[in-house]
There are 2 protein chains.
Amino acid sequence: MAEEKLLTKREVVTEFRRREILRSAQEVFAREGFQEATMDKIAQNAGVSKGTLYLYFKNKTDLFFQAIDEKLNEFISLIHKSLEGDHPPLKKIWNVVSTQMEFFEDHKAFFKVCLNIRGGLYLEHPQEYFERLKEKYQPYFNEISQVIEQGCEQGTFCQVEPMKAAYLLAEMINSLILYRIIHETTNPVTQDEKLIYRVFLRGLLKKGAE
Amino acid sequence: MAEEKLLTKREVVTEFRRREILRSAQEVFAREGFQEATMDKIAQNAGVSKGTLYLYFKNKTDLFFQAIDEKLNEFISLIHKSLEGDHPPLKKIWNVVSTQMEFFEDHKAFFKVCLNIRGGLYLEHPQEYFERLKEKYQPYFNEISQVIEQGCEQGTFCQVEPMKAAYLLAEMINSLILYRIIHETTNPVTQDEKLIYRVFLRGLLKKGAE
DNA sequence: TACTATAATGACTATTAAGTTATTACAATG
DNA sequence: CATTGTAATAACTTAATAGTCATTATAGTA
């Protein structure tokens with residue numbers, strides 16, 4: 001009675017096509033950005049014709065957002081996992097820093113796309129997509145902000161607006177990823193992780209100074 | 001003998017046109033971003049015909065970069081002025097934070113354009129323009145980094161790579177400007193300036209904690 | 001005022017690329 | 001193996017816009 005939901009050949013092909021198109025789109029968008037990436041290039045790269053793209057995706061913007069959606073999910077779920085369990089806030093902050101740093105170190109092209117989106121969203125995509133992405137990021141900022149709130153309550157951290165502090169931390173991490181890209185740094189990420197961790201928690205001031 | 005270099009009517013008009021086009025371009029680019037801003041819109045907004053734009057500027061990209069150039073100069077020279085004189089590093093850090101925060105608070109549209117450029121540069125503009133802009137920003141990062149170096153030497157700051165610390169500071173400031181834009185915050189910037197100043201120098205950790 | 005050179009115009013061209021659709025290929029099914 | 005409906009194709013349409021150029025207007029000058 002095991003109602004084995006065997007996929008027909010057609011369903012298999014359909015799923016395979018969809019994946020292949022998404023993979024191709026990720027590649028081309030990451031390499032060329034939204035404008036320069038054309039539907040023709042993506043189709044060719046995927047080994048299908050342009051018309052086929054439109055059987056699977058409504059339009060270019062739709063394809064774009066679905067393409068990044070997956071990697072973004074991956075990132076956000078990594079962050080989520082790194083915050084599971086009952087650890088002290090300091091440990092969790094460290095986990096965020098190292099997880100994010102290492103993820104983008106391994107996905108530099110995707111990092112550029114993220115910058116690209118954020119920069120372009122305010123100006124070059126329909127408001128609707130901005131809202132969608134904002135929602136997408138929400139859990140990420142919420143989780144960091146909760147960690148900070150927890151730290152405040154426990155008396156580990158100073159009193160701050162947790163969400164603002166979360167933004168600060170997130171952008172501190174991004175700034176060093178950017179630094180690494182611009183200066184083509186190859187030294188171990190761990191050094192930069194430590195730097196962020198230290199500055200975010202203790203600041204630049206030397207003990208006893210001022 | 002006062003060799004008064006009187007401008008002819010033609011020269012006056014020419015200079016006026018040029019200024020008017022730049023002003024219009026700043027406006028339209030800030031409102032719509034690079035892609036959406038068309039030469040027609042810019043021309044119409046400036047009250048000239050499209051052909052005229054090409055008498056004054058080589059092409060769209062050229063116009064774009066000349067349009068932002070001016071505001072960028074203004075910003076960089078403000079930062080420069082705020083670092084003049086013989087003040088202790090702490091005072092100078094404060095000056096950077098408040099100058100930058102307040103400048104972008106007053107020029108939110110321009111801030112968006114800056115994000116837009118940075119995001120798009122890696123992917124959507126010729127490498128040449130990226131290099132040009134990098135050079136443009138150089139003095140800004142150099143000055144901050146020198147302040148930090150000075151602080152290190154004087155024993156006020158911990159030992160860090162000054163340029164990385166400069167990046168950290170710059171992006172911390174940007175992160176809160178971004179926060180203000182996204183959350184449509186209207187509370188006084190001074191609060192946010194103080195937050196950055198404190199976190200950058202002393203971090204989030206409560207005295208005596210951990 | 002008349003002549004010349006430069007500035008300005010806007011219709012025009014050329015290109016690019018998103019999205020459509022008529023046609024063809026192919027998988028499922030009895 | 002024949003029939004049918006769905007998937008895929010690629011040539012086509014459409015729209016947008018950067019950049020050009022022949023024509024017109026205007027400032028400088030004698």
Side-chain angles (χ1 to χ4, degrees), chain A residues 4-25 27-29 31-67 116 120 123-126 128-129, chain B residues 4-25 27-29 31-67 116 120 123-126 128-129:
Chain A
E4 283 296 307
K5 184 65 184 175
L6 246 298
L7 293 176
T8 66
K9 185 168 180 182
R10 176 160 286 178
E11 284 167 323
V12 170
V13 169
T14 293
E15 186 49 27
F16 177 82
R17 274 291 116 90
R18 199 188 127 77
R19 298 271 342 113
E20 190 56 21
I21 292 170
L22 279 176
R23 190 206 52 74
S24 164
E27 208 173 288
V28 180
F29 281 128
R31 196 175 57 229
E32 321 211 16
F34 184 77
Q35 282 299 329
E36 294 299 309
T38 69
M39 294 302 262
D40 276 308
K41 284 180 194 167
I42 293 167
Q44 199 174 6
N45 188 249
V48 298
S49 76
K50 185 166 64 162
T52 303
L53 301 186
Y54 290 90
L55 296 175
Y56 291 84
F57 302 93
K58 204 165 80 239
N59 54 42
K60 187 181 175 183
T61 313
D62 183 50
L63 173 56
F64 180 61
F65 278 87
Q66 290 206 41
N116 197 247
L123 301 168
E124 309 200 327
H125 290 283
E128 174 205 346
Y129 288 95
Chain B
E4 282 296 307
K5 182 66 183 175
L6 245 299
L7 293 175
T8 66
K9 184 169 180 183
R10 176 160 287 180
E11 284 168 323
V12 169
V13 169
T14 292
E15 186 50 26
F16 177 80
R17 273 291 117 87
R18 199 189 127 78
R19 297 268 344 112
E20 190 56 19
I21 292 170
L22 278 177
R23 190 206 52 73
S24 164
E27 207 172 288
V28 179
F29 281 127
R31 195 175 58 227
E32 321 210 14
F34 183 77
Q35 283 299 329
E36 294 299 310
T38 68
M39 294 302 263
D40 276 308
K41 284 181 194 167
I42 294 167
Q44 198 174 7
N45 187 250
V48 298
S49 77
K50 186 165 62 161
T52 303
L53 300 186
Y54 289 90
L55 295 176
Y56 290 84
F57 301 92
K58 205 167 78 239
N59 54 41
K60 187 181 173 182
T61 313
D62 183 52
L63 173 55
F64 179 62
F65 278 88
Q66 290 207 41
N116 196 246
L123 301 167
E124 310 199 327
H125 290 283
E128 174 205 346
Y129 288 95

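Proteins get letters first, then strands, A, B, ... in listed order; numbering begins at 1 in each.
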Nearest-Å distance, CZ (A:Phe16) to C1' (D:dA7)?
-> 15 Å

Please report, rounded to the nearest Å, how far the P atom of D:dA7 is from the CD1 atom of A:Ile21.
-> 12 Å

Ion pair A:Arg23/A:Glu27, N-O distance below 4.0 Å | yes

Between D:dT17 atom P and B:Phe34 atom CZ, what is the distance in whole Å?
-> 12 Å

Report yes or no: is the cationic atom of B:Lys60 (NZ for Lys, CZ for Arg) under 6.0 Å from the centre of the six-membered ring of B:Phe34, at an angle within 45° of the ring normal?
-> yes

So, for A:Tyr54 and A:Asn59, which heavy atoms are closest and what is the spacing to 0.1 Å?
-> CE2-CA, 4.1 Å

Answer yes or no: does a side-chain N or O of B:Arg17 lie under 4.0 Å from OP1 or OP2 of C:dA8?
-> yes

Exceeds 12 heavy-atom contacts within 6.0 angstrom, atom CD of A:Gln35 = yes

Evaluate the criterion side-chain contact (heavy atoms from CB on, under 4.5 Å) for residue pair A:Ile42 and A:Phe29; output intermediate values, then yes/no.
-> CA-CA 8 Å; A:Ile42 293 167; A:Phe29 281 128; 3.7 Å; yes

Are A:Tyr56 and A:Leu22 side-chain neighbours, meaning at least one heavy-atom pair lies under 4.5 Å?
-> no

Roughly how far apart are B:Asp40 CG and B:Leu53 CG, rounded to 0.5 Å?
-> 8.5 Å

Name the nucleic acid region contacted by A:Ala37, choosing base, sugar-phosphate or nothing; use a 4.0 angstrom heavy-atom cut-off, strictly under.
-> sugar-phosphate

Closest non-hydrogen atom pair between B:Ser49 and B:Ala43, with its separation = C-CB, 3.8 Å

For DNA chain D, which residues in residues 44-60 of chain A have a heavy atom at a distance below 4.0 Å?
-> A:Val48, A:Ser49, A:Gly51, A:Thr52, A:Leu55, A:Tyr56

Between CD of A:Glu36 and C1' of C:dT15 the distance, given in whole Å, is 14 Å

Can you find a pair of side-chain heavy atoms, one from A:Gln66 and one from A:Arg18, that are under 4.5 Å apart?
-> yes

Between B:Val13 and B:Gln35, name the one whose nearest nucleotide on DNA chain D is closer to the 5' end.
-> B:Gln35

For nucleotides 22-24 of chain C, give me every protein contact, N/O to N/O, under 3.5 Å, one pair per line with atom names.
none

Protein-nucleotide distance (A:Lys41, atom NZ; D:dA10, atom P), rounded to Å = 20 Å

Distance, rounded to the nearest Å, where A:Phe64 contributes CZ and C:dA18 contributes P | 13 Å

Identify, between A:Thr14 and B:Thr61, the residue whose nearest nucleotide on DNA chain D lies closer to the 5' end.
-> A:Thr14

Starting at CG of B:Asp62 and ending at P of D:dG19, how long is that distance when rounded to a whole Å?
-> 10 Å

Flag the pair A:Arg17 and A:Glu20 as a salt bridge only when some basic side-chain nitrogen lies within less than 4.0 angstrom of an acidic carboxylate oxygen.
-> no

For B:Asn45 and B:Lys41, indicate whether the former's side chain and the latter's backbone hold a donor-acceptor pair under 3.5 Å.
-> no

I'd like a list of close polar pairs between nucleotides 28-30 of chain C and the protein, N/O only, cut-off under 3.5 Å.
unit_1 : atom_1 : unit_2  : atom_2 : d
C:dA28 : OP1    : A:Lys9  : N      : 2.7
C:dA28 : OP1    : A:Arg10 : N      : 2.6

Separation of B:Gln44 CD from B:Lys50 NZ (nearest 0.5 Å) = 12.0 Å

Using whole Å, report how far CG of B:Asp40 lies from P of D:dA15.
-> 17 Å

